[in-house]
Amino acid sequence: MRYNNYHKHTHYSNIITPDCIVKPVDYAKRAIELGHTSICTTEHGYAGNIFEYYDVAKEYNLKFVFGIEYYYVDDRFAKDKSNSHLMILARNQHGMKQMQKIMSEANKTGYYYKPRIDKELLFQLNPNDVLVTSTCVISYINKHDSYEDNFVKPLHDYFGDNFYLELHDNTHPMQVEYNKKILELHNKYSIPFIHATDSHYIYPEQDKDRTEFLNGKNIYYPEEEGFILDYPSSEDIFKRYEQQGVFTREQVESALKNTLIIDEFEDIKLNKEIKMPSIYPDKTHEEKMGILKEIIKDEWEKDKQAIAAERHKEYLEAIKFELNIIEETKMEDYFLLNYPIIKKGKEYGGVLTRTGRGSAPSYYLNKLLGFTEVDRLDAPITLYPTRFMSVSRILETKSLPDIDFNTADPYPFIKATKEVLGEDNCYWMTAYGTMQESEAFRNYCRAKNIPMKEFNEVGKDLDVYRDHPNWKDIIEESKKFIDVIDSVSPHPCANLLLSQPISEEIGIIKVGDEFCALIDSTTSDYWKYLKNDYLTVTVWKIIADGFKSINKPIPDVRTLSRLVDGDKDVWNLYKNGLTATLNQTGTDSGTPQVVQYKPKSIRELSGWVSAIRPAFASMKHYFLNRLPFSYGIPEFDTILKESDNFILYQENIMAALVYTGFPEDETYGLLKAIAKKKPGIIEPIHDRFINGFVKKTGSEENALKVWKILEDSVGYGFNSSHAYSVALDSIYGAYLKAKYPLDYFSVVLNIYEGNTKITAKIMQELSYFNIKVLPIRFGKSKAQYSPDYNSNNIYKGLASIKFLNAKVSDELLEISKKHFESFLDLLVDITENSSINSKQMKILIRLDFFEQFGKSLKLYNSYLKFEERYSKKHVEKTKEKRLIEIKEYIEELPNEDISVQDKILFEKEVLGYGQTAFPKVPKAFAMVVDIDTKYAPRLTLYRMDRGVEISLKVERKHFFDIYGDQLLHKGDIIKVLKIVKKPKKMKVDNKWVDSDVMEDILTAWEMSKKYENNSCIIN
Ligand SMILES: [Zn+2]
Ligand SMILES: [Zn+2]
């Protein structure tokens, strides 16, 4: 007997709580196996990825059914965790929209551990558009005593024939008890039965897989023990009900038969047509083109001021050419929509890249509309507009234009989008996280109680263990978890833009603190929804903050190009490897390569960006060393002139095709075709190319040669506008660093605060610019690192210090504007007028923050006394009396400093590095600041003269005495007598051998000042 399995779960339910490892397609296959005809989306709390369900349904020729097993409470605003399950199916498209809408509302306003709908939302549904069931044992009926009056009766009244009592065939005693209750309700109210399987896997034996998946995540559902949650045949169902012994055969038959009501549901349709939102829904294509042309005309009037009059004709032709592509592809809405969004986003303080990503900057209209400031006609390398958008490509692939908007912060642009399109018309997309092989393996090991110390190493490199007798089977078995969804997050940049309300069309879920449209980025491309990528790009935050710091607007690309042209200060940064925090050139692998190449222009740096990619590896040596290179064909060299005769860009190949007579519009498509080398397609391109080349040059031999070169190098090419943008993003930073180093370094120290690796890189560059990071000082230091223009140094930011924060820092800066006769006056003011606590005061004193008032030990002890005797709460009279007493005490204190050793150790503790140094001390003196005795003893020594650290090994005999006690301790100051260089040992085939890396070994030293931990400082 056929039935419809509408109540089931897949791994999409895992985003609420880990639950399943099966996927939609597994249900489709089982449905076919059993001769069933439908597949339903039902998941916990939402409907999963309906697009995937829809495609699977089409592929297996099954009816697509939309369902959600909601969480239900009486009042979604109450802190009620009862969360009864409530199954609802959509009878038609309207039903689906209404269900999505209340699901979205559950996420927006009903979220309390789970997204919950309530009475109010439930009774908003049109009873004729949905089917509601009493659901599983976690039904309202089993959770609340008032279930008859509060649930069964009202639902039966409201939904009428569309309300069913759901039967499950589980033989678990809890189910049997519950079914008796259901039977009573049936007898009392004549509500029909409907059978549900509540499948969490397909076959009974998969129960084990699911349990292992959950156990691996340390999740146990003891109450589910004994529940079979498979997708059974109707024969098995009858047997199980018979075992239960609650219902008659007729009742079971009717329950199964009632699932066939789903056959009568109206078909729900989803489509893969382009869903371009429009802000002019009532206007025709012609009218909208008219509006766009007006905008372009206005913007051109402004832009042409910066362009020499003799080139205007060329620009006007470019505008015409590009407008024509928009006209023919009917994509005007895309530009009409983004124009006000970007404009408003900027008005809201949003910083958009002046360059771009990918091919977008190669469209001059994108510049006029404010999406980039790259002017392709002014670029030192060829940028083809058709690389961004061409008639043939848009129409053939039905693709949408796609601009990635790099921003310093996406939120102003999201705010603008919502304002232009509507609050419910723009949301982050969802990103599902799936288990990768290594995590799948680890999860399985945990489920099998294999100790972590055994599997951890294996998990790091499974390839090594694939044939290992102990691990082989485990690795194989764990594969069942690969690709299982186990997390969800907002997409890092993709936003869905839609004219229709997203909460109804797509659904919205709460993910962390964000609301996300229930569609992932890949699905959106495939189903042709419009995606706007608002990326957060640190480089643009640096540039924006940098120009703000020097109080100048960010120059446009044209201006910047003029500013850096031939400027030695800028290009020397690359030559000298001073590239920390500069785009691309500042990475560990980028820096040595840019030093090797020494770019001297934007054109050259763009070439470098393209040349360091793996695809160019075979030619990189020639390029980076500037060795003469030519293919030996003069006409071809001319085409490749702008990339120094190399094929660096896809545009080089496109240019060769244009040269031989192919229309530009086709060339990017041809490039892809050449790369695929598909027989039947490649031959005519080949012939046309050879003919064209011969016609131009007369040489068939050269024509064939060039074709071969193109064929071989078609994979190398990089998009020139992307390379150009990457280079410019680097140069914007380089310009700031070269011309305004004080501001630049202050900005990056703030941005990378807490990132010790990058901070260390930055610190290393400061001496080149004669800049020091000054220790924190009262009256000088702000919360953030800040430039001191008089001394050409940077004050460390207070907020970057452990236990301090911006508020304290602002208060201190405010207080410092007053005049204080003594430290005591200051202490009174701080106590009366700030939120600074004792711990923070002690840190500041020990870091010499109040240096101007005396030496640290004196100040410290003064503060201890003050803290003991003075209180804000005392009456004025007491205060006066006590202050006299404290003053006398302080006057008696000698003006002494905290010991050097204590000071440096404390700096290490709260700053992460020492800052006290004594330039006059001979360089052999160093303090032990760290000791690692895990292997051969290793010391971190702090050089007293320069305040820098070095790490070296010590021979055991110089580290332990004859009794095995340590000779050296943290805080000891030693005189280094001898360091020798020895080859570092490495393990080869289980034997220790010398490597060619040398390391320093301390072989002789003498104690200069032992650290006595009897300091007067009480921590
Ligand atoms: Zn349930
Ligand atoms: Zn369920």
Side-chain angles (χ1 to χ4, degrees), residues 3-24 26-27 30-31 38-48 50 53 65-73 80-90 99 103 106 113-117 122 130-144 147 151-152 155 163-170 172 174-179 181-182 193-202 204 206-207 210-211 213-214 219 221-232 237 240 255 259 262 485:
Y3 72 98
N4 282 308
N5 180 3
Y6 65 88
H7 187 161
K8 44 112 301 268
H9 302 275
T10 71
H11 67 155
Y12 280 105
S13 282
N14 296 349
I15 75 163
I16 306 269
T17 344
D19 208 4
C20 289
I21 66 166
V22 288
K23 306 189 170 105
D26 298 322
Y27 282 94
R30 178 61 168 165
S38 69
I39 183 164
C40 184
T41 68
T42 317
E43 304 288 357
H44 281 301
Y46 77 130
I50 59 167
Y53 274 107
V65 183
F66 182 88
I68 294 177
E69 186 175 12
Y70 289 94
Y71 294 99
Y72 177 77
V73 289
D80 173 358
K81 277 186 156 172
S82 64
N83 295 341
S84 312
H85 292 187
L86 183 57
M87 174 68 65
I88 307 182
L89 306 176
M99 285 177 63
M103 188 277 298
Y113 295 94
K114 302 260 158 78
R116 299 108 25 99
I117 59 163
L122 179 64
V130 294
L131 184 152
V132 182
T133 83
S134 57
T135 323
C136 54
V137 287
I138 311 172
S139 170
Y140 197 98
I141 296 169
N142 230 10
K143 283 241 162 195
H144 300 271
Y147 63 90
F151 184 76
V152 178
L155 266 70
F163 181 57
Y164 288 83
L165 292 169
E166 189 173 297
L167 309 190
H168 289 203
D169 59 2
N170 259 300
H172 192 281
M174 191 206 284
Q175 183 76 53
V176 176
E177 274 317 297
Y178 175 71
N179 281 2
K181 223 169 176 181
I182 291 289
F193 289 133
I194 192 161
H195 166 79
T197 59
D198 202 358
S199 314
H200 284 63
Y201 41 81
I202 307 299
Q206 287 173 317
D207 182 36
R210 174 176 179 253
T211 306
F213 172 71
L214 297 174
I219 295 166
Y221 294 130
E223 70 280 7
E224 282 185 7
E225 202 107 345
F227 272 91
I228 313 172
L229 302 166
D230 62 345
Y231 181 176
I237 292 171
R240 289 177 197 168
T259 65
I262 286 169
I485 290 171

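Whatever order the structure lists ligands and atoms in, that order sets their numbers, starting from 1.
- Because the distance cut-off is set at 2.8 Å, H9 qualifies as a neighbour of the Zn ion (ligand 2) through one of its N, O or S atoms.
- For D198, the N, O or S atom closest to the Zn ion (ligand 2) goes by the atom name OD1.
- Cation-pi geometry between K8 and Y231 is not met at under 6.0 angstrom from the ring centre and within 45 degrees of the axis.
- A donor-acceptor distance shorter than 3.5 angstrom exists from the side chain of T133 to the backbone of T135, with no hydrogens or angles considered.
- Ring centroid separation for the pair H85 and Y71 comes in under the 6.0 Å cut-off.
- The Zn ion (ligand 1) lies closest to atom ND1 when only the N/O/S atoms of H85 are considered.
- With 2.8 Å as the limit, E69 counts as an N, O or S neighbour of the Zn ion (ligand 1).
- Checked against the 6.0 Å centroid threshold, H195 and Y3 count as a close aromatic pair.
- Ring orientation note: the planes of H9 and H44 are close to parallel, at an angle under 30° on the 30°/60° scale.
- Contact annotation: H7 places an N, O or S atom under 2.8 Å from the Zn ion (ligand 2).
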